[in-house]
Amino acid sequence: MSKDAAATRLLLVRAARHRFAFDGFKATTVRDIAADAGVNVALINRYFGSKEGLFRACLDRVVQDLGVEQPVERGLERALAGLVSHVVRTPTDDDSLQLMLLLRSSGDDGADAIRRETLRRYAERLATAVGGEVTDELLVRAEIALSVVLGMTMLRRSTAVEPLASADDDVVAGALDDALRALLAPSR
């Protein structure tokens with residue numbers, strides 16, 4: 001893919017993420033997204049195949065931004081470090097958009113299925129990072145860990161709940177690491 005194509009794809013994903021987060025999946029049109037990105041609407045079909053494909057790309061981008069796309073290769077320690085780092089790092093406006101994309105019901109069965117599939121894949125990758133056999137119990141633990149990370153991000157960044165929002169990063173990191181380790185560490 002050329003540099004221009006990659007830049008256009010990124011523009012479309014950013015514009016779509018904003019539209020989907022604020023207007024919802026159903027109310028957002030591909031024309032709105034293309035206009036926001038300043039590109040021809042035909043490029044959405046060219047690069048993503050459909051509005052649903054663009055929505056999937058937005059959610060995939062969320063997983064990349066959360067730093068959990070590769071926990072299988074990285075192992076438990078690095079996966080935990082990446083998750084903890086995400087929650088305590090400097091906040092960005094994108095964090096709120098990402099959470100809205102992951103958590104907001106779209107009112108569209110297809111979009112909601114894509115969201116559930118993305119969250120399930122994320123939990124499976126966390127479970128796989130732990131090592132050993134991925135069981136339903138381990139998947140439940142990984143989904144709880146995902147809930148903790150998303151909830152912490154929301155409370156710390158999006159809604160600025162105190163004292164959590166202004167707590168020292170090391171305090172938050174230590175407590176979060178303890179909680180995630182209790183959920184994800186292999187049984188002894």
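Numbers here are sequence positions counted from 1.
Following chains of ILVMFWY side-chain contacts shorter than 4.5 Å, one can reach Val140 starting from Val149, so the two form part of one hydrophobic cluster. Note on Leu43 and Leu10: separate hydrophobic clusters, where clusters join Ile, Leu, Val, Met, Phe, Trp and Tyr whose side-chain heavy atoms are under 4.5 Å apart, directly or indirectly. Cluster annotation: Leu11 is not connected to Phe20 through the hydrophobic network of ILVMFWY side chains, with a link wherever side-chain heavy atoms come within less than 4.5 Å.
One finds the SG atom of Cys58 at 7.0 Å from the CD1 atom of Ile33 (value rounded to the nearest 0.5 Å). Here the straight-line distance linking atom CD1 of Ile44 with atom OH of Tyr47 works out to 11.5 Å at 0.5 Å rounding. To the nearest 0.5 Å, the span separating OG on Ser85 from CG on Leu176 amounts to 10.5 Å. From Leu59, atom CG reaches atom CG of Leu119 across 7.5 Å, with rounding to the nearest 0.5 Å. To the nearest 0.5 angstrom, Asn40 atom CG is 10.0 Å from Asn45 atom CG. Put simply, CG on Asp23 and CG on Asp32 are 7.0 Å apart, with the number rounded to the nearest 0.5 Å.
When the salt bridge (charged side-chain N to carboxylate O under 4.0 Å, His left out) test is applied to Asp178, no partner is found at least two apart in sequence or on another chain.
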For side-chain contact (heavy atoms from CB on, under 4.5 Å), just list the numbers for Tyr122 and Thr118, CA-CA rounded to whole Å, side-chain angles, deciding distance to a tenth of an Å, and then say yes or no. CA-CA 6 Å; Tyr122 176 96; Thr118 300; 5.7 Å; no

Derivation and outcome, side-chain contact (heavy atoms from CB on, under 4.5 Å), residues Val172 and Met152: CA-CA 9 Å; Val172 174; Met152 286 288 296; 3.6 Å; yes

Go through the steps for Asp109 and Arg116 under the test salt bridge (charged side-chain N to carboxylate O under 4.0 Å, His left out), then give the verdict. CA-CA 10 Å; Asp109 291 340; Arg116 283 189 301 276; over 6 Å; no

Verify side-chain contact (heavy atoms from CB on, under 4.5 Å) between His18 and Val13, making sure each step is shown before the conclusion. CA-CA 9 Å; His18 188 269; Val13 167; over 6 Å; no

Test log, rule side chain to side chain donor-acceptor pair (under 3.5 Å), inputs Ser166 and Glu162: CA-CA 7 Å; Ser166 61; Glu162 291 296 345; 2.6 Å; yes

Take Glu77 and Arg181 through the test side-chain contact (heavy atoms from CB on, under 4.5 Å) and record every step on the way to the result. CA-CA 9 Å; Glu77 293 303 317; Arg181 191 171 301 281; 2.8 Å; yes

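With a 4.5 Å cut-off on side-chain heavy atoms, Asp60 and Arg121 count as touching. Considering only heavy atoms from C-beta on, Val30 stays 4.5 Å or farther from Leu54 through its side chain. With contacts defined as side-chain heavy-atom distances shorter than 4.5 Å, the pair Phe55/Thr28 does not qualify.
Heavy atoms from other residues, nucleotides or ligands lying under 6.0 Å from CG of Asp168 number more than 12.
Residue Ala142 comes nearest to Ala123 through the heavy atom pair CB-O, 3.2 Å, listed as atom of the first residue, atom of the second, then distance. Of all heavy-atom pairs between Val134 and Ala127, the closest is CG1-CB, 3.9 Å. The heavy-atom pair separating Ala145 from Leu180 by the smallest distance is CB-CD2, 3.7 Å.
Remark: side-chain polar atoms of Arg141 are not paired, donor with acceptor, to backbone N or O of Leu184 under 3.5 angstrom.
Within the structure, salt bridge (charged side-chain N to carboxylate O under 4.0 Å, His left out) pairs that include any residue of residues 34-57 comprise Arg19-Asp36, Arg56-Glu117 (at least two apart or interchain).
Between Thr128 and Glu124, the side chains place no donor N or O within less than 3.5 Å of an acceptor N or O (distance only, hydrogens not considered).
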